[in-house]
Amino acid sequence: MSKKTVLITGASRGIGKAILQSFGNDYFIVGTGTSEKSVQSILENINSLNLKGSSFKLDLGDRTSIKELTSLLDSQQIYPDILINNAGITRDNIMLRMKEDEWDNVIDVHLNGQYLLIKSFIKKMVKNRWGRIINISSTSAVLGNKGQANYAAAKAGIEAMSRSLARELGSRNINVNCVAPGFIETDMTKEISEGNEELLSSQIPLGRLGKPNEIAEVVSFLASEQANYITGQTIHVNGGLYM
Ligand code: NAP
């Protein structure tokens with residue numbers, strides 16, 4: 001059986017890096033980062049784990065960059081069977097002060113960027129009658145969060161888009177799901193958690209922040225044949241923060 005190709009956006013750090021590490025030798029792994037340094041570090045990670053794969057530059061906030069990536073993959077005949085939309089940013093501000101570019105950047109990177117990637121990669125999945133799309137959402141989509149109207153709106157949009165896609169693509173054997181992390185220890189939460197860890201943990205029934213690999217395990221399960229009958233779902237992984 002030929003190796004399935006998995007594409008993970010934002011594979012240089014945090015949750016994306018853990019997702020990359022959760023795929024073994026049965027896969028050809030493609031990771032993206034925003035800079036040459038990130039692209040290089042992804043490749044080093046792939047090589048150090050003796051995995052097969054490659055890495056590319058991608059800025060989801062820039063449509064030209066998305067087009068360049070999809071044409072480059074096409075020219076190298078790399079067609080993702082599994083697309084993991086993980087890359088993300090925050091530009092937090094309360095609505096009274098939120099600037100248009102803070103709103104636009106977050107919507108672009110999460111929602112518009114994912115739309116463009118999904119649209120270009122599903123053609124081949126439809127042709128192959130097999131595919132997996134796994135989108136990383138957030139508890140902010142369902143709980144809301146002060147200062148995160150942009151981020152929560154983008155993540156809620158991703159969840160709603162995923163359910164619609166699950167209905168559109170189910171007959172082609174393409175499963176579309178979301179994983180919604182709670183507070184996970186990565187660069188994204190460093191600022192919020194520094195000095196506040198005890199307060200944050202007290203709101204979480206399991207009493208601690210999550211680790212990137214605890215999200216990655218669920219993502220790699222959803223990508224596996226064991227998850228063949230799961231589609232249109234958002235799996236919450238948050239230590240009980242939202243239930
Ligand atoms: P992170 O540690 O900040 O890593 C972000 C990743 O996204 C990096 O690989 C980064 O690449 C890439 N990235 C940033 N801006 C990008 C852009 N414009 N275009 C393409 N890639 C970009 O974040 P994380 O905590 O692992 O978060 C991963 C996902 O989980 C995100 O979707 C986030 O919203 C979601 N999430 C995280 C938490 C949490 O508590 N950490 C909770 C809920 C949901 P470079 O290294 O090149 O900058």
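Atoms within each ligand, like the ligands themselves, are counted from 1 in listed order. Remember, it's a predicted structure, so these values are computed and weren't measured experimentally.
In terms of protein heavy-atom proximity, atom 43 (C) of ligand 1 is closest to P181 O, 3.3 Å. Atom 18 (N) of ligand 1 has as its closest protein heavy atom D59 OD1, 2.9 Å. The nearest heavy-atom contact from the protein to atom 46 (O) of ligand 1 is S12 OG, 2.6 Å. Here the protein heavy atom with the shortest distance to atom 26 (O) of ligand 1 is I15 N, 2.8 Å. In this structure, the protein non-hydrogen atom closest to atom 36 (N) of ligand 1 is Y151 OH, 3.5 Å. Of the protein's heavy atoms, G88 O, 3.8 Å lies nearest to atom 5 (C) of ligand 1. Among protein heavy atoms, the minimum distance from atom 25 (O) of ligand 1 is reached at T186 OG1, 2.5 Å.
Remark: ligand 1 atoms within the under-4.0 Å shell around heavy atoms of L60 are 17 (C), 18 (N), 19 (N), 20 (C). Set against the non-hydrogen atoms of G182, the atoms of ligand 1 under 4.0 Å away are 38 (C), 39 (C), 40 (O), 42 (C), 43 (C). Every atom of ligand 1 with a heavy atom of V109 under 4.0 Å away is listed here by number and element: 18 (N). Those atoms of ligand 1 with a heavy atom of I89 less than 4.0 angstrom away are 14 (C), 15 (N).
A heavy-atom separation below 4.0 Å is not found between A18 and ligand 1. Every heavy atom of S41 sits 4.0 Å or more from the atoms of ligand 1.
Relative ring orientation between Y151 and H110 is described as perpendicular, the plane-to-plane angle rising above 60° on a 0-90° scale split at 30° and 60°.
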List the atom pairs, donor and acceptor, that lie under 3.5 Å between side-chain atoms in residues 173-180 and the rest of the protein, sequence neighbours left out.
{"from": "N173", "atom 1": "ND2", "to": "R129", "atom 2": "O", "distance (Å)": "3.3"}
{"from": "N175", "atom 1": "ND2", "to": "A227", "atom 2": "O", "distance (Å)": "3.4"}
{"from": "N175", "atom 1": "ND2", "to": "N228", "atom 2": "O", "distance (Å)": "3.0"}
{"from": "N175", "atom 1": "ND2", "to": "I230", "atom 2": "O", "distance (Å)": "3.1"}
{"from": "N177", "atom 1": "OD1", "to": "G232", "atom 2": "N", "distance (Å)": "3.2"}
{"from": "N177", "atom 1": "OD1", "to": "Q233", "atom 2": "N", "distance (Å)": "2.9"}
{"from": "N177", "atom 1": "ND2", "to": "I230", "atom 2": "O", "distance (Å)": "2.9"}

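With T32, I215, T34 as candidates, the residue nearest to atom 13 (N) of ligand 1 on a non-hydrogen basis is T34. Closest heavy-atom approach to atom 31 (C) of ligand 1 among the candidates N105, N135, N86: N86. Checking K155, Q114, R13 against atom 10 (C) of ligand 1, the nearest heavy atom belongs to R13. Between the choices S137, A180, A87, the shortest heavy-atom distance to atom 44 (C) of ligand 1 belongs to S137.
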**Q.** K52 vs Y27, side chain to side chain contact (heavy atoms under 4.5 Å, CB included): CA-CA, chis, key distance, verdict
**A.** CA-CA 7 Å; K52 288 270 174 294; Y27 297 87; over 6 Å; no
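Both tests hold for K4 against W130: distance to the six-membered ring centre under 6.0 Å, angle to the ring axis within 45°.
For the side-chain contact (heavy atoms from CB on, under 4.5 Å) with K211, the qualifying choice from N213, I215, L209 is N213, the only one to do so.
No donor-acceptor pair under 3.5 Å is formed between the side chain of T90 and the backbone N or O of D92.
No salt bridge links R163 with E168; every basic N to acidic carboxylate O contact stays at or beyond 4.0 Å.
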